[in-house]
J.: 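I'd like to ask some things about the structure below.
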Amino acid sequence: MSSKDRYLKVVELARRRGFFWPSYEIYGGVAGFYDMGPLGTALKRKLESFWREWFVRRHQDMVVEIETPIIGPARVYEASGHVESFTDPIVQCTRCGRLFRADHLVEEALGIKAEGMDPRELNTLIKEHNIRCPVCGGKLGDVRLFNLLFKTTIGPYTSNTGYLRPEAAQGMFLAFKRVHGVMRNKMPLGIAQVGRVARNEISPRQLLLRVREFTIMEMEFFFDPDEDYSSIVEPIASEKIRIRTGEDKRRGLEKPGEYSVGEAVQEKIIMHPWLAYWMYEASRFLEKLGVPLHKQFFDEKLPEERAHYASQTFDQVVWTERWGWVEVSGHAYRGSYDLSRHMKYSGQDLTVFKPYTTPLKRRRLRIRVNKASIGAEFREKTPKILAELASMQPEEAEAALKEKGYIEVAGVRLTDKHVSIVEEEVVETGKRYIPHVVEPSFGAERLLYILLEYAYSEKDGRTVLKIPAFLAPIQVVILPLVSNHEGIVRKALEIKEMLSNMGFTLYYDDSGSIGARYARADEIGVPYAVTIDHRSLEDNTVTIRYRDTWMQERVPVDMLPSRLRSLLAGKEHLS
RNA sequence: GCGGCCGUCGUCUAGCCUGGACUAGGACGCCGGCCUUCCAAGCCGGCGAUCCCGGGUUCAAAUCCCGGCGGCCGCACCA
């Protein structure tokens, strides 16, 4: 099967059977938007549920999920750095049409710092110095700003700018203080969210892989940067993980190296144990979706490739037949960047208090102030004197008093009549710190495509979509062996009713030959077919047929639901 | 955004170069019926495309020209 065929077959199948298709079709379509059809929606829901199971429920002692709005006030995205970092001045060559960063061109041509200049300044410089297209020498057009944030207005006043979120992360940072409180100050703390985000991509491409609106599955994991977390990777220390380090990348290496998780942490290939831990979880998550470990690795981003908030980033990439290695998740060490910025912009204290196991006792010097004598003597100067005293180091004051017999504050001299230096014991019960954050972030639509590509297979010229049973959008199909036998049909309908009432996702199919119906079900990845035949009428048994092997087993009808449940959960296989 | 290639029933496509006999053909699928004791069997009937959108040339446009939208690939961009 050629690579082109496989991709085209997946797309064709997706449209024909209703997984997904381009949005706004009847108006000619708009690039970068996709509709999810009935099967695509069901599959995506299951994928999201599985992500929750894997990253949230399995870690429920430290990870919780929230939901926050997709529209945010400008202030939030100014604080997060998105408004600044994603507004690039661009300029286009009028001859060859190439786009350039205007500030970069000016810097190169004139050897001056141009970053942060506004478009007008850049325009003037380009015109004055006759800077031309570095590729073809053509004349450059006007400098304009391009930002990947979708902009809107909140309410009727146009001055109240809002942005559609380009990531869910800010919702978690903004809610951190409250969630931390609600979770009774638990640390470390993961806050997860699954939701829509929008990025105004310049050129959406590659089907579902680069779209303008998509579902992100993201977790911000907060922890104390001073704590030694090396023990958290101990249980997985010998597990293997594939990484192409930044260093390897610079040397032009295409292939990743294989490391044990323990080794990657020890040798600082991954800068923090928590980052390593979630990367390991991500690799196994992908494996469960059907992507074997040798078809995925973590690709370290070089400093110049990283987002503005990250000090280390790995892209988790998966092999696709059409596009080669494709990014499905990002794993960033965001440090305290986001919380610090929101503290600065909002004026709120977003630090966490951490009690010491045993309170720390310390002796320290303090300036004791005799306010009565200062007030009596210096009158209206008193507030100023007191303010300056407050910011003075006790050690400094003590030295001055000893040497000179006075300290000079706000133009007056204070002696031991006004101040004295005392040594006192203080008890520190804990410390305050700004948590650091590691962030695993997944694109749901990309995973959906990957899932389909890896599930796609052909057998005897038929399509079989081997979606893992626990993710299959439809779990069971109910088939009467023949449709012109009243007894068989009646029994089949009864069984359909029974299974439907018990909560199975299913459909009933009596059209055409039994082979055609198996084929239809295989194509959309229904893992199990229940067939009712003549023998069913005699001994109340039916057959279960497995999609991947076409093998069958016969079970009594009473046993059918429990048998299906355990098969769907992947706990047992068809014998 | 630029360049190359491309856009016809649900899907895959024939026709386009060389304008008219196209009421746009086929295959698969879909719907109804018959038949059928386990892997897309067969038969009968049916539904389904103003040929991506808009404009132009022409007596006449799926076909030629222009613009737009969309797709793939390359370049650029990319949280």
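In the text below, chain A, chain B and the rest are named by the order of the sequence lines, each starting its count at 1.
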J.: If the plane angle is over 60° it's perpendicular, under 30° parallel, otherwise tilted; pick one for A/Y337 and A/Y309.
T.: tilted

J.: May I ask which nucleotide in the shown strands pairs with B/rC72, Watson-Crick or G-U wobble, both distances under 3.5 Å?
T.: B/rG4

J.: In Watson-Crick or G-U wobble terms, both distances under 3.5 Å, what is the partner of B/rA40?
T.: none

J.: Between B/rG45 and B/rC6, how far is it from one C1' atom to the other, in whole Å?
T.: 37 Å

J.: I'd like the C1' distance from B/rA27 over to B/rG74, given in whole Å.
T.: 34 Å

J.: Between A/E167 and A/R334, is there a salt bridge with N-O shorter than 4.0 Å?
T.: yes

J.: For B/rC28 versus B/rA40, give the span between their P atoms, rounded off to a whole number of Å.
T.: 15 Å

J.: Does the side chain of A/K9 come under 3.5 Å of the side chain of A/T463 through a donor N or O and an acceptor N or O?
T.: no

J.: Give me the distance, rounded to whole Å, that separates B/rU11 from B/rA76 when you measure between the C1' atoms they each carry.
T.: 35 Å

J.: Is it the case that the base of B/rC53 and the side chain of A/Y27 share a donor-acceptor contact (distance under 3.5 Å, atom types as modelled)?
T.: no

J.: Can you say whether a donor on the side chain of A/D533 sits under 3.5 Å from an acceptor on the base of B/rC38, or the other way round?
T.: yes

J.: Calculate the interatomic distance between A/D510 atom CG and B/rU36 atom C1'; express it in whole Å.
T.: 13 Å

J.: B/rC72 C1' sits how many Å from A/L208 CG, rounded?
T.: 15 Å

J.: Would you indicate which nucleotide in B/rA79, B/rC35, B/rC78 comes nearest to any side-chain atom of A/N484?
T.: B/rC35

J.: Report the base-pairing partner of B/rG45 (Watson-Crick or G-U wobble, both distances below 3.5 angstrom), or none.
T.: B/rC31

J.: Taking only the side-chain nitrogens and oxygens of A/R322, find out if one of them lies under 4.0 Å from OP1 or OP2 of B/rC73.
T.: yes

J.: In whole angstrom, what separates A/R535's CZ from B/rU37's C1'?
T.: 13 Å

J.: Between B/rA61 and B/rG19, how far apart are the two P atoms, rounded to whole Å?
T.: 13 Å

J.: Quickly work out the A/I488 CD1 to B/rU37 P distance and round it to whole Å.
T.: 9 Å

J.: Regarding B/rC39, can its base be found pairing with the side chain of A/R545 as donor and acceptor, where the two atoms are less than 3.5 Å apart?
T.: yes

J.: Suppose we define a pair by two distances each less than 3.5 Å, Watson-Crick or G-U wobble; what does B/rC9 pair with here?
T.: none

J.: State whether A/S513 places a side-chain N or O below 4.0 Å from either non-bridging phosphate oxygen (OP1 or OP2) of B/rA41.
T.: yes

J.: Look at the side chain of A/V482 and decide which nucleotide, out of B/rU36, B/rC38, B/rG71, has an atom nearest to it.
T.: B/rU36

J.: Which residue lies toward the 5' end of RNA chain B, A/G32 or A/T463, if each is placed at its nearest nucleotide?
T.: A/T463

J.: Do you know which of A/R547, A/K459, A/R462, A/R517 makes side chain to side chain donor-acceptor pair (under 3.5 Å) with A/D522?
T.: A/R462

J.: Rounded to whole Å, please give me the gap between OH in A/Y7 and P in B/rC73.
T.: 6 Å

J.: Hunt down the Watson-Crick or G-U wobble partner of B/rA14, both distances under 3.5 Å, from any strand shown, or write none.
T.: none

J.: So does A/E78 pair up with A/R75, basic N to acidic O under 4.0 Å?
T.: yes

J.: Return the value, rounded to whole Å, for the distance between atom CG of A/L13 and atom P of B/rC30.
T.: 13 Å

J.: Using the P atom as the reference point in each nucleotide, state the distance between B/rC16 and B/rA21 in Å, no decimals.
T.: 13 Å

J.: Across all strands, who's sitting opposite B/rU58 as a Watson-Crick or G-U wobble pair, both distances under 3.5 Å?
T.: none

J.: Touch check for A/R210, heavy atoms < 4.0 angstrom, all strands: base, sugar-phosphate only, or nothing?
T.: base

J.: Between B/rU13 and B/rC59, how far apart are the C1' atoms? Round to whole Å, please.
T.: 33 Å

J.: Remember a base hit wins even if backbone is also touched, and classify A/S483 as base, sugar-phosphate or nothing at under 4.0 Å, heavy atoms.
T.: base

J.: Would you mind telling me which of B/rC78, B/rG70, B/rA79 lies closest to the side-chain atoms of A/A31?
T.: B/rG70

J.: So which nucleotide from B/rU11, B/rC78, B/rC38 ends up closest to the side chain of A/E12?
T.: B/rU11

J.: Nearest heavy atom decides the nucleotide; on that basis, is A/D315 or A/V30 closer to the 5' end of RNA chain B?
T.: A/V30

J.: Could you check how far OH of A/Y518 sits from P of B/rA41, rounded to whole Å?
T.: 14 Å

J.: Would you say A/W323 reaches B/rC73's phosphate, i.e. side-chain N/O to OP1/OP2 under 4.0 Å?
T.: yes

J.: May I ask you to say whether A/E445 pairs ionically with A/K44, meaning some side-chain N is under 4.0 Å from a carboxylate O?
T.: yes

J.: Picking from B/rA79, B/rC39, B/rU37, which would you name as closest to the side chain of A/L481?
T.: B/rU37

J.: Would you call the rings of A/F314 and A/F298 parallel, tilted or perpendicular if under 30° counts as parallel and over 60° as perpendicular?
T.: perpendicular

J.: I need the CD-P distance between A/E439 and B/rA79, as an integer number of Å.
T.: 13 Å

J.: Which listed nucleotide (B/rU37, B/rC38, B/rG70) is nearest to the side chain of A/H534?
T.: B/rU37

J.: Is it true that a side-chain atom of A/H331 and a backbone atom of A/V438 form a donor plus acceptor pair closer than 3.5 Å?
T.: no

J.: Assess whether one donor atom and one acceptor atom, taken from the side chain of A/R199 and the base of B/rC78, lie less than 3.5 Å apart.
T.: no

J.: Between A/R520 and B/rC30, does any side-chain N or O lie under 4.0 Å from OP1 or OP2?
T.: yes

J.: Checking contacts here: which listed nucleotide (B/rC38, B/rA79, B/rA40) is nearest the side-chain heavy atoms of A/P166?
T.: B/rA79

J.: Touch check for A/E25, heavy atoms < 4.0 angstrom, all strands: base, sugar-phosphate only, or nothing?
T.: nothing

J.: If I pick the P atom on B/rU18 and the same atom on B/rC64, what distance separates them, to the nearest angstrom?
T.: 8 Å

J.: Under a 4.0 Å N-O cut-off, is there an ion pair linking A/E553 with A/R563?
T.: yes

J.: Base of B/rC38, side chain of A/T543 - is there a donor-acceptor contact under 3.5 Å?
T.: yes

